[in-house]
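Below is one structure; the comments refer to it alone.
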There are 2 protein chains.
Amino acid sequence: MFLELDMAGDKPIYVQLKEQVIEGIARGSLRPGDDLPSVRALAADIGINLHTVNKVYQQLRQEGYIQIHRSRGVMIHPDGFIKADKTYRTNLKATLRPLIAEAIVRDLSAEEFTRLSQEVYEQILTKEGGENE
Amino acid sequence: MFLELDMAGDKPIYVQLKEQVIEGIARGSLRPGDDLPSVRALAADIGINLHTVNKVYQQLRQEGYIQIHRSRGVMIHPDGFIKADKTYRTNLKATLRPLIAEAIVRDLSAEEFTRLSQEVYEQILTKEGGENE
DNA sequence: TTGTCTGTTATATTAGTAGTATAACAGACA
DNA sequence: TGTCTGTTATACTACTAATATAACAGACAA
């Protein structure tokens with residue numbers, strides 16, 4: 001797999017792992033129906049505990065990204081993903097709010113903010129690496 | 001003051017407090033040179049501990065939003081704020097990356113994402129309340 | 001000079017989360 | 001019967017959020 005975890009940084013590794021699976025789906029590297037490693041295999045592969053992987057899988061399942069079958073293992077959800085609805089948009093705006101408040105104070109216009117967002121869209125879809133903090 | 005803290009939610013109250021000060025500056029409710037309450041006064045006002053307020057003030061000072069004088073108290077930084085530089089933009093893009101990855105999976109186009117961002121800009125600048133999660 | 005305001009520092013405690021370590025349970029299936 | 005799967009339970013360490021007291025030190029007005 002294509003995983004790169006920063007064990008030192010302050011972002012929890014289960015969050016990093018979850019985000020990388022979602023970005024893998026966004027990029028198209030992981031496609032509906034694709035198998036994911038078992039909790040034990042992935043944990044051993046990246047050198048972390050089984051429970052940390054399990055926590056990620058449980059959250060991804062709850063949010064509709066993957067399917068888990070008792071003894072057949074884990075796969076990317078074969079029926080596609082939950083579309084952006086009202087609740088999602090409301091939550092996204094709430095998440096963006098403090099980011100944009102800071103942008104305003106730093107004199108970053110809405111147009112510049114949009115340009116940065118476009119760049120991130122392209123970075124993800126064209127498989128560019130993004131410099132992490 | 002205009003503070004509304006959610007003690008139950010999972011967002012730490014020191015983060016909420018910090019974000020609300022920054023949004024206050026973004027809105028123009030707090031302007032360069034304005035006094036802020038003392039750590040003890042603000043803590044007593046909203047019913048939290050002195051150290052929680054102090055932590056917020058220290059972080060706001062470190063990031064250039066406020067000035068702290070030993071026994072004269074706290075004020076919004078009178079000389080304006082640090083403009084968006086290369087480092088800030090890089091960090092902002094890193095922060096946006098997982099949000100946008102999820103947006104892509106949920107079939108939210110870059111144009112729609114931009115539209116939501118514009119709405120948040122306007123919400124903040126026109127002093128609308130934003131529904132919190 | 002004394003009192004009272006300011007931020008600052010030091011300790012200690014409680015509660016919750018992140019991550020690890022073992023172990024065992026239960027379904028599928030070759 | 002093994003051996004793979006996810007699942008559950010328990011316990012431990014380390015760290016963070018938040019609180020509670022207490023004391024220190026600078027500024028400044030009465």
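Convention: sequence-line order gives letters A, B, ...; per-chain numbering from 1.
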Practice problem: For A:Asn54 and C:dT22, give me the distance from atom CG to atom P, rounded to whole Å. | Solution: 18 Å
Quiz item: Is a side-chain N or O of B:Arg31 found less than 3.5 angstrom from the main chain of B:Ile25, in a donor-acceptor match?
Solution: no
Quiz item: How far apart are the C-alpha atoms of B:Ile124 and B:Arg27, what are their side-chain angles, what is the distance that settles it, and do they pass the side chain to side chain contact (heavy atoms under 4.5 Å, CB included) test?
Solution: CA-CA 6 Å; B:Ile124 294 174; B:Arg27 275 207 312 273; 4.1 Å; yes
Quiz item: Between A:Leu17 (CG) and C:dT20 (P), how many Å, whole number?
Solution: 11 Å
Practice problem: Find the distance B:Ile13:CD1 to C:dA15:P and express it as a whole number of Å. | Solution: 16 Å
Self-check item: Donor-acceptor pair under 3.5 Å, B:Arg40 side chain vs C:dT4 base
Solution: no
Quiz prompt | Minimum side-chain heavy-atom gap B:Phe113-A:Arg89 below 4.5 Å | solution = no
Quiz prompt | Closest to the B:Thr52 side chain, choosing from C:dG19, C:dG7, D:dT19 | solution = D:dT19
Exercise. Could you verify whether a donor N or O on one side chain and an acceptor N or O on the other, from B:Gln118 and B:Arg115, lie under 3.5 Å apart?
Key: no
Quiz prompt | Atom-to-atom span, CG of A:Asn49 to C1' of D:dT10 - whole angstrom | solution = 13 Å
Quiz item: With a 4.5 Å limit on heavy-atom distance, are the side chains of B:Tyr65 and B:Ile22 in contact?
Solution: yes
Quiz item: If you look at every strand shown and take non-hydrogen atoms under 4.0 Å, does B:Gln58 touch a base, only sugar-phosphate, or nothing?
Solution: sugar-phosphate
Practice problem: Indicate, yes or no, whether a donor-acceptor pair under 3.5 Å links the base of C:dA10 to the side chain of B:His51. | Solution: yes
Quiz item: What does C:dA30 pair with, Watson-Crick or G-U, if both distances are under 3.5 Å?
Solution: D:dT1
Self-check item: A:Val74 side chain, from C-beta outward: closest of C:dA21, C:dT8, D:dG6
Solution: D:dG6
Practice problem: Could you state the atom-to-atom distance from CG of A:Asp10 to P of D:dC15 in whole Å? | Solution: 14 Å
Quiz item: A:Met7 has an atom CE; how far is it from atom P of D:dA14, in whole Å?
Solution: 16 Å
Exercise. Calculate the interatomic distance between A:Leu5 atom CG and C:dT20 atom P; express it in whole Å.
Key: 10 Å
Self-check item: Nearest-neighbour nucleotide for the B:Ser38 side chain, C:dT20, C:dG7, D:dT7 considered
Solution: C:dG7
Quiz item: With both distances under 3.5 angstrom, what nucleotide forms a Watson-Crick or G-U wobble pair with D:dG26?
Solution: C:dC5
Quiz item: Base, sugar-phosphate alone, or nothing: which one does A:Tyr14 contact when heavy atoms must sit under 4.0 Å apart?
Solution: sugar-phosphate
Exercise. Examine C:dG19: is either OP1 or OP2 under 4.0 Å from a nitrogen or oxygen in the side chain of A:Lys55? Give yes or no.
Key: no
Quiz item: Rounded to the nearest Å, what distance is computed from the CG atom of residue A:Leu50 to the C1' atom of nucleotide D:dG6?
Solution: 9 Å
Quiz item: When you check the gap from the basic side-chain N to the acidic O, do B:Glu19 and A:Arg97 get nearer than 4.0 Å?
Solution: no
Exercise. Kindly point out which of C:dT6, C:dA28, C:dT9 is positioned nearest to the side chain of A:Ser71?
Key: C:dA28
Quiz item: Of all the choices, C:dT20, C:dG7, D:dA17, which nucleotide is nearest to the side chain of B:Arg70 once you look at every atom?
Solution: C:dG7
Quiz item: How would you label the contact of A:Arg72 with the nucleic acid (heavy atoms, under 4.0 Å): base, sugar-phosphate, or nothing?
Solution: nothing
